[in-house]
Amino acid sequence: MESAQEAGPALHALLTDSVVGLAVWDTDLRCIWVNDALERYDGITREQRLGRRPRESLTGDTDELEALVRRVLTTGRCVTGREYRVPTEAGRRRDRAFSASFLRLHDAEGRTLGVCMVMLVVTDRRWAGDRLAMVSEAGTRVGTTLDVMRTAQELADFTVPLIADYVTVDLTEAVRLGEEPLDRLGPSQGRVPKFRRAGRASVHAGAPESLWSRGEVVYVPEPSPFMQVLSTGRPLLQPLIDPAHDTWLAHDPARAAKIREFGMHSLLILPVHARGVLLGVAVFVRTSNPTPFDENDQLLAEELVARAALSLDNARRYTRERNTALALQRSLLPRRVHGGTAMEVAARYLPADAEEGVGGDWFDVIGLPGDRLALVVGDVVGHGVHAAATMGRLGMAIRTLADLDLPPGEVLARLDRTFIRLTEDEEASAPEVPGMSATCVYAVYDPTTRTCTLALAGHPPPAVVHPGGDFSFPELPHGLPLGVGLLPFPSTELELPAGSLLALFTDGLVEDRHEDIEVGLQRVGRALTRKASSLEELGAAVIGTLPTTPPPDDVTLLLARGL
C-alpha cells in the first residue's frame, strides 16, 4: 500500500507533465486512460477520447490503427516505431512526426487488462533511422522472386498503408507484360495506352479505386501528371488534389469520378527506373489519411521505389533472357521426327522449371543411306541462352558428321573436338562466361540386320523393351562427356529383334535429388512396358511418371521401334 501511495505523485506527473503521450484501451477496445501529452500532440481532448475505440479517438489511418491495437491485444506481440503524424492545420503540410508503440498490459496474475500506446516525438535524426529500417525491411519483402508482376505487387503491398492508402505500379513497354505491344493499341476517348498495371494495393479490400486490373492496359490523357513524370523522369509531388481546378482531369472523367468517390486528396508519382532504363511509374494516393504528402514521404518512397526498381530490372532481364532461350531452343529442336521405312519414332520434350531456366537438351532423327537411321539425344549442361546456343551448334555439327556416314564412336570423337574448339573460342571472346560440358548418345539402326550400333559420351544408357515385354538397360561403355578430349568413344552393337523398342533419354528423366538413380531407371523401365496405342501415347505415359512437374531439369525422350 505504501508503495502505491509513494507512486501517486509519479503517476500524477505521468498524467499531467510527461512528454510521452500515453493512452490505454481495455479488452473491449474502449479508451480508459489518457494523459495530457497525447492531447497536446494530436489535438484530441480527453473527453473526445475516453470511452471511445481507437478509430474514434486517433488521427490518420484510424481503421488500420484499431486493427493494430486489436492484433496486439490478441497476440500479445508488441509493435514499436509505428509512424503517427498529425497535420498542423487542415489543408497544410504537417511539421511534426511521432513514433507510436503498442504493448499488451497484464495484472499480477497474468490476466490481460488491455493495450497501452506510447507516443514519442520523432526528431529528424530518429526519423532518418526509421526510414533506413523501413528500406532495410523492404529489401526482405520486395523482390523475393524473378517475377516482374509479383515484384510490382510486393512494392504496392509493402507501401500500403505505410506511405499511402492506395498505390499502383504501372510499367512501360520496357517491361514486356503482354503479347500486344502498347504502340499497336489505339487511343481511347482522348487517352493513350502508355502502361500496363503490374501492382496495386489499397486499404479497401479489392482496391475499388483502381480502374484497371493487374495486367491490363492503362490509358492516360496526354496532359497529365503521369505523362509528365514519364517524359521528364522526375518525381511529382502534389500535396492537394483539386478536381475542380486540375484541368487534366477534364480529359479523364473516370479517374476524376474515382477521386471524388474515395476522397483522394494528395498525390505522389515517382518514376521507376534502374540502370538508365525508365520502367514505369509508382503512384501513391492518400484518402482516409488526412495528412498531405510532403518531402519526407517523398524521400522514403523514392528509396523504396529505387530498391524495388533494381529487383524489377533484374526480373525484366531474366524474363527476357529466358524467353529468348526458350525461343532459340524450340527453333533448333525438330518439330516432328520421321523414321521413314525403318522405324516408328516419337519424341517428347519437357522444359525445366521456370526457376531453373532453359537447358540445353536436344534430339534428332537423321536419315542415312541404305534406309538406316541415326538417333541422337544430347544434353548441354547448364541453363539460359548460352546453353541453348551451344546446343544448337552441336546439333548442326552432328548433322554434318552424320552425312559423312561414320561409325557412332568416330562421330562422337569428332563432335568432341568440335565442342573443344567451340569452348576455346567462347572462353577467348567472353572469359566471364563459365565453361560448359555436354553429353550425347549417337545410335545407328540398320533395318536389314535389325541391329543398332551406338556410342555414349558421358550419357545415360538407353532402355530396350524386348518383344516379350521385359526391359533392360544394356551395359555399355559410358565414355567421357564431350569437351574432355582424352579417350575414344567405343561403339557397341545391339540386336533389336522385330517388335523391340529403343528409348533414348536425358538424365532429367531418371535423376531426382530425393531418390537413387536406380529408382528412376526402374520407374522408366516399367513405364515403357505399358500397353499403348502409339509411341506418342507411350511417351506421354513415361513423362507422366516424373516425381515433379515441371521437373527441375529439362527432360527429353526419344522412342524408336523397328518396322
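Here the structure is a predicted model, which is why all the values come from computation and not from measurement. Any value given below was found using the heavy atoms of this structure, including those in side chains, with hydrogens, waters and symmetry copies removed.
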### Task
Please answer whether the main-chain N or O of Gly562 pairs with a side-chain N or O of Arg450 as donor and acceptor at a distance below 3.5 Å.
no
#### Entry: Pairing residues for Arg399 by the salt bridge (charged side-chain N to carboxylate O under 4.0 Å, His left out) criterion, not counting sequence neighbours
Asp364
### Query
Taking side chain as C-beta onward, heavy atoms only, is Phe473 less than 4.5 Å from Pro460?
no
### Task
Of all the heavy-atom pairs spanning Ala438 and Val380, show the shortest one and how long it is.
CB-CA, 4.0 Å
### Summary
To the nearest 0.5 Å, atom CG of Leu521 lies from atom CG of Asp516 at 8.5 Å
### Task
Sort and list the pairs that fulfil side chain to side chain donor-acceptor pair (under 3.5 Å) and have at least one residue in residues 497-506, not counting sequence neighbours.
Asp361-Thr506
#### Entry: Thr145 OG1 to Asn314 CG distance, which is reported to the nearest 0.5 Å
11.5 Å
### Query
For Tyr219 and Val217, which heavy atoms make the closest approach, and how far apart are they?
CE1-CG1, 3.7 Å
### salt bridge (charged side-chain N to carboxylate O under 4.0 Å, His left out) partners for Arg393, two or more places apart
Glu426
### Task
Taking salt bridge (charged side-chain N to carboxylate O under 4.0 Å, His left out) as the test, write out the residues that go with Glu154, two or more places apart.
Arg150
### Query
What residue pairs, at least two apart or across chains, pass salt bridge (Lys or Arg N to Asp or Glu O under 4.0 Å) with a residue in residues 160-172?
Asp170-Arg197
### Task
Any chance you could lay out the side-chain contact (heavy atoms from CB on, under 4.5 Å) test for Val542 and Arg523, step after step, and finish with the verdict?
CA-CA 9 Å; Val542 175; Arg523 168 176 53 79; over 6 Å; no
### Task
Determine yes or no for a side-chain-to-main-chain donor-acceptor pair under 3.5 angstrom, with Glu216 supplying the side chain and Ser213 the backbone.
yes
### Query
Do you see a donor-acceptor pair shorter than 3.5 Å between the side chains of Thr168 and Arg200?
no
### Message
Could you tell me if the side chain of Pro369 sits less than 4.5 Å from the side chain of Asp405, heavy atoms only?
### Response
yes
### Summary
Hits for salt bridge (charged side-chain N to carboxylate O under 4.0 Å, His left out) against Arg561, two or more places apart or cross-chain, chain-then-number order -> Glu344
### Query
Are any non-hydrogen side-chain atoms of Asp507 and Asp553 less than 4.5 angstrom apart?
yes
### Summary
Across all chains, not counting sequence neighbours, the side-chain contact (heavy atoms from CB on, under 4.5 Å) partners of Pro408 are Tyr442, Val444, Thr453, Ala455, Ser491
### Task
Look only at the side chain of Thr545 and the backbone of Ala541, and say whether a donor-acceptor pair between them is shorter than 3.5 Å.
no
### Message
Show the nearest heavy-atom pair for residues Ala201 and Ala156, with the distance to one decimal.
### Response
CB-O, 3.4 Å
### Message
Is it the case that the side chain of Thr144 and the backbone of Arg141 share a donor-acceptor pair, with hydrogens and angles ignored and the cut-off at 3.5 Å?
### Response
no
### Message
Counting C-beta onward and ignoring hydrogens, is there a side-chain heavy-atom pair between Cys440 and Val377 closer than 4.5 Å?
### Response
no
### Task
Report yes or no: does Ser224 contribute a side-chain atom to a donor-acceptor pair with the main-chain N or O of Val220 at less than 3.5 Å?
no
### Task
Indicate the atoms forming the closest heavy-atom contact of Ala308 with Thr151, along with that distance.
O-CG2, 4.1 Å
### Whether Arg214 side chain and Gln153 backbone form a donor-acceptor pair below 3.5 Å
no
### Query
Could you go step by step and tell me if Phe226 and Ile269 meet the side-chain contact (heavy atoms from CB on, under 4.5 Å) rule?
CA-CA 7 Å; Phe226 314 102; Ile269 307 176; 3.6 Å; yes
### Query
Considering residues at least two apart in sequence or located in another chain, which fulfil the side-chain contact (heavy atoms from CB on, under 4.5 Å) criterion with Pro447?
Ala342, Asp371, Arg372, Tyr445
#### Entry: Side-chain touch Leu171/Val148, heavy atoms, less than 4.5 angstrom
yes
### Task
Measure the shortest side-chain to side-chain distance between Val305 and Phe284 over non-hydrogen atoms and say whether it is less than 4.5 angstrom.
yes
### Task
Please identify each residue that fulfils side-chain contact (heavy atoms from CB on, under 4.5 Å) with Val337, with sequence neighbours left out.
Pro334, Val345, Ala347, Phe363, Val365
### Message
Can a side-chain donor-acceptor contact be found between Glu495 and Thr451 if the only test is distance below 3.5 angstrom?
### Response
no
### Task
Mind running side-chain contact (heavy atoms from CB on, under 4.5 Å) on Val524 and Leu509 for me, showing each step along the way?
CA-CA 8 Å; Val524 169; Leu509 182 64; 3.7 Å; yes
#### Entry: Full working for side-chain contact (heavy atoms from CB on, under 4.5 Å) between Glu209 and Val285
CA-CA 10 Å; Glu209 304 96 323; Val285 178; over 6 Å; no
### Selection residues 528-549 - residue pairs positive for salt bridge (Lys or Arg N to Asp or Glu O under 4.0 Å), sequence neighbours left out
none
### Message
Return the CG to CG distance between Leu456 and Leu480, rounded to the nearest 0.5 Å.
### Response
11.5 Å
### Query
Where do Leu279 and Ala309 come nearest, in terms of heavy atoms and distance?
CD1-O, 3.8 Å
### Query
From Leu538 CG over to Leu501 CG, what is the distance, rounded to the nearest 0.5 angstrom?
6.5 Å
### Summary
So the side chain to side chain donor-acceptor pair (under 3.5 Å) pairs with at least one residue in residues 459-478 (sequence neighbours excluded) are Thr439-His459, His466-Ser472
### Query
Backbone N or O of Leu482 within a donor-acceptor pair of the Asp416 side chain at under 3.5 Å?
no
### Query
Of all heavy-atom pairs between Cys452 and Ala443, which one has the smallest distance, and what is that distance?
SG-CB, 3.7 Å
### Message
Can you tell whether the side chains of Arg414 and Glu410 come within less than 4.0 Å, N to carboxylate O?
### Response
yes
### Query
Which value, rounded to the nearest 0.5 Å, describes the distance between Asp512 atom CG and Leu546 atom CG?
9.0 Å
### Query
Does Trp212 use its side chain to pair, donor to acceptor, with the backbone of Arg196 at less than 3.5 Å?
no
### Task
For Gln298, check side-chain contact (heavy atoms from CB on, under 4.5 Å) against everything at least two apart and list the hits.
Pro235, Leu237, Leu268, Leu270, Glu302
### Task
May I ask you to test the Leu476-Pro462 pair for a side-chain heavy-atom distance under 4.5 Å?
yes
### Query
CG/Leu304 to CD1/Ile163 distance, rounded to the nearest 0.5 angstrom?
4.5 Å
### pair Leu230-Phe195: side-chain heavy atoms closer than 4.5 Å
yes
